[in-house]
2 protein chains.
Amino acid sequence: MGESLMESRAETTLPAPGGQPYGEPLQAAGAPGGRGTIGTQRDGRPGPTEGHEAAMLLERARAEVDPVLRTALGSLPGPMRRIALYHFGWEQADGTAAEGSSGKAVRPALVLAAAAAGGGSEARAGAARAAAAVELVHNFTLLHDDVVDRDTTRRRRPTAWTVFGDTDAVLAGDALQALALRLLAQDPHPAAVAAAARLADCVIQLCAGQHADLALRRRAPGEVTLEEVLAMAEAKTGALLGTACAIGGLYAGASEAEVAALDAFGREAGLAFQLIDDVIGMWGDPHPAGKPDGADLAARKKSLPVVAALASGHPAAAELTELYARPGERGDPEHIALAVERAGGRDWAQSQAADRMARAMQQLARAVPDPEEAGGLLALAEFVTRRAG
Amino acid sequence: MGESLMESRAETTLPAPGGQPYGEPLQAAGAPGGRGTIGTQRDGRPGPTEGHEAAMLLERARAEVDPVLRTALGSLPGPMRRIALYHFGWEQADGTAAEGSSGKAVRPALVLAAAAAGGGSEARAGAARAAAAVELVHNFTLLHDDVVDRDTTRRRRPTAWTVFGDTDAVLAGDALQALALRLLAQDPHPAAVAAAARLADCVIQLCAGQHADLALRRRAPGEVTLEEVLAMAEAKTGALLGTACAIGGLYAGASEAEVAALDAFGREAGLAFQLIDDVIGMWGDPHPAGKPDGADLAARKKSLPVVAALASGHPAAAELTELYARPGERGDPEHIALAVERAGGRDWAQSQAADRMARAMQQLARAVPDPEEAGGLLALAEFVTRRAG
């Protein structure tokens, strides 16, 4: 890692509360970056040499899981298969082959990295089906969330409901959930049953998180507490990242305590990711989140920095309350972002993200004491919180 | 069984193609009714002594499964729990207790009867969780289907989406699917994993069936073939009844061939049920189906008797095509029903139902050769095809 990289990161380096669970050996193992470097460069893109390990892990996860996913999707009845293959970016709406992106495979990569951390390459190889199951659940929620949120773009293509209609997108989502759990029920691996129970439990949390998100959107900004938004983000984003790590641990034969620590690691990293995603959505490059800059603000989304700003008691909070009280009007996103920043929302989100990452590191050290073995999970956690993808 | 009962049934007695797989011992075992008596009385209600065994099996299944269901639903996060308890008829919309009906428990009763048929009372007792899981999947599909079909009444109460909105009804359905599969994943019974795989596979068929139903509705009546409507009914209705029986067999330690025969038994009985349900919807008492008489016709539903009539080549089919070509107009349901009947739709549906029931009986004999042990499943199959509920 070159000095220039350290400099470029220094711009957005956050204070890291809590200790450094890993010492020198971690850097020797080639894990990227020191602790407390969560954040993005001003342009939101990783530097030229940043996140190489994570990128390799993601690419490898994609290569290992895609064949399993393709076989699983191929077993669906015709119409469900077609919608699913479109959603994954592997077919056009007319059924011809496509070279679209099916996402960054963060969740499968976490399953595989957690399996490898505890059980080496053999455990990693045995967890491919579980990694695919987690990815199927993720995509089931995307299909349903896009319908509910009326989002029209996903991975730079029209969302499935805009092409096939609401009903078919909901049905295809239902089928993907079933496919995920069928994949685990048919997996002879001794960890598969416990993994299925965790994944099904996670789906329930995801549903509750999505419900909470929609319920919070309907409420007046001043009536939404930070605790509520954090709990929502944990259910909606943290739960599946935690479950991915926990399932990887199960496939590595980890103890109950280690699995719980892996779950907590993923959850905390997931919250850090959400915080950084909110920061990028408001102040950073729109590229990583795949959304136009200011879209969240234009929609008056009650993101974590916004709710923190509203609750700050700072004079700028009153102005922000005023701006948020008129959701119909087109406000200047930069104007709103400035008010959130002045009221301390940006600082709070960044320090909260650093805090969550520090907690994630502590949980990781508990689950995987050997820093060399923990390197992959650490690289992925840093990747998602830097890229917010 | 009194002579008066036989007379009242004789009105709608159907010819029974195929042999009688069970001989005298079946009647000695107290199973209701002879073979070939599928159908309803003119008033659509069972006679005074008809279906007593089935009624007892359903009541017992409700009593055994409800505590498992209540515990499972109680574990859901607050808002999901509230929607689910409303849907099951156990809570009012405001969260106060309700004494509503959660349905007739046909599917749990089939699970338990199939378990008992192969493994006695011990197997039956061990299958309560699996029976609850099947009922949860059924209710997940009801929640989603009601949203998609815009049905406003379910079990004599406003449907969940009319009370909580589309999104929450979809999310609660998603959570119920996950809850069903979590219940099986946490069930220590050695059959639970295979049951989970079957149940998840069934969900995929149910999704495809609902997709096909909606796709068929959008097509012109003359362009829909009987084969397509039968395949749709098998996926939408037969699959879960078959899966319920197959899962019961798994919990009884049945062989692969026996489980397959139980699945086929439930599927065939499910198709017979659907055919009789369509007949009742057009010519019978609206009570058992819980819908106003003629509602299917008013909606120009392409039910099995209607599609059979349209495909009959009978002169009345042309009149029917004309009537179906004007879905916006309020046609006289009795007029349409008469045209379907004259074109042979009613006769076809009744003989097809009898044929399906005969096949169901053959499969049942294969799965459970002892007629005494098969009595419960037989009683339930005759109940659903008589009651069409």
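Computation of the quantities below employed the complete heavy-atom set of this structure, encompassing side-chain atoms and omitting hydrogens, waters and symmetry-equivalent molecules. Per chain, numbering begins at 1; letters A, B, ... match sequence-line order.
With respect to chain A, the highest number of heavy-atom pairs below 4.5 Å among B:S75, B:A235, B:A200, B:A212 belongs to B:A200. Highest contact tally toward chain B, considering only A:L171, A:D174, A:V203, A:L76, is held by A:D174 [criterion: heavy-atom pairs under 4.5 Å]. Most heavy-atom pairs under 4.5 Å with chain B: of the set A:A194, A:P79, A:A180, this distinction falls to A:P79. Counting heavy-atom pairs closer than 4.5 Å to chain A, the top residue among B:A185, B:P77, B:A178 is B:A178.
Of the residues A:Q177, A:M80, A:R182, the one that meets the side-chain contact (heavy atoms from CB on, under 4.5 Å) test with B:I204 is A:R182.
The two residues B:C207 and A:A175 make their nearest non-hydrogen contact at SG-N, 3.7 Å.
For chain B, the nearby part of A:V170 is the side chain; its heavy atoms alone come within less than 4.5 Å. B:D201 touches chain A through backbone and side chain together, each having a heavy atom under 4.5 Å away. For B:L214, the part lying near chain A is the side chain, with the backbone staying farther off; criterion is any non-hydrogen pair under 4.5 Å. Using a 4.5 Å cut-off between heavy atoms, B:H211 touches chain A through backbone and side chain atoms alike.
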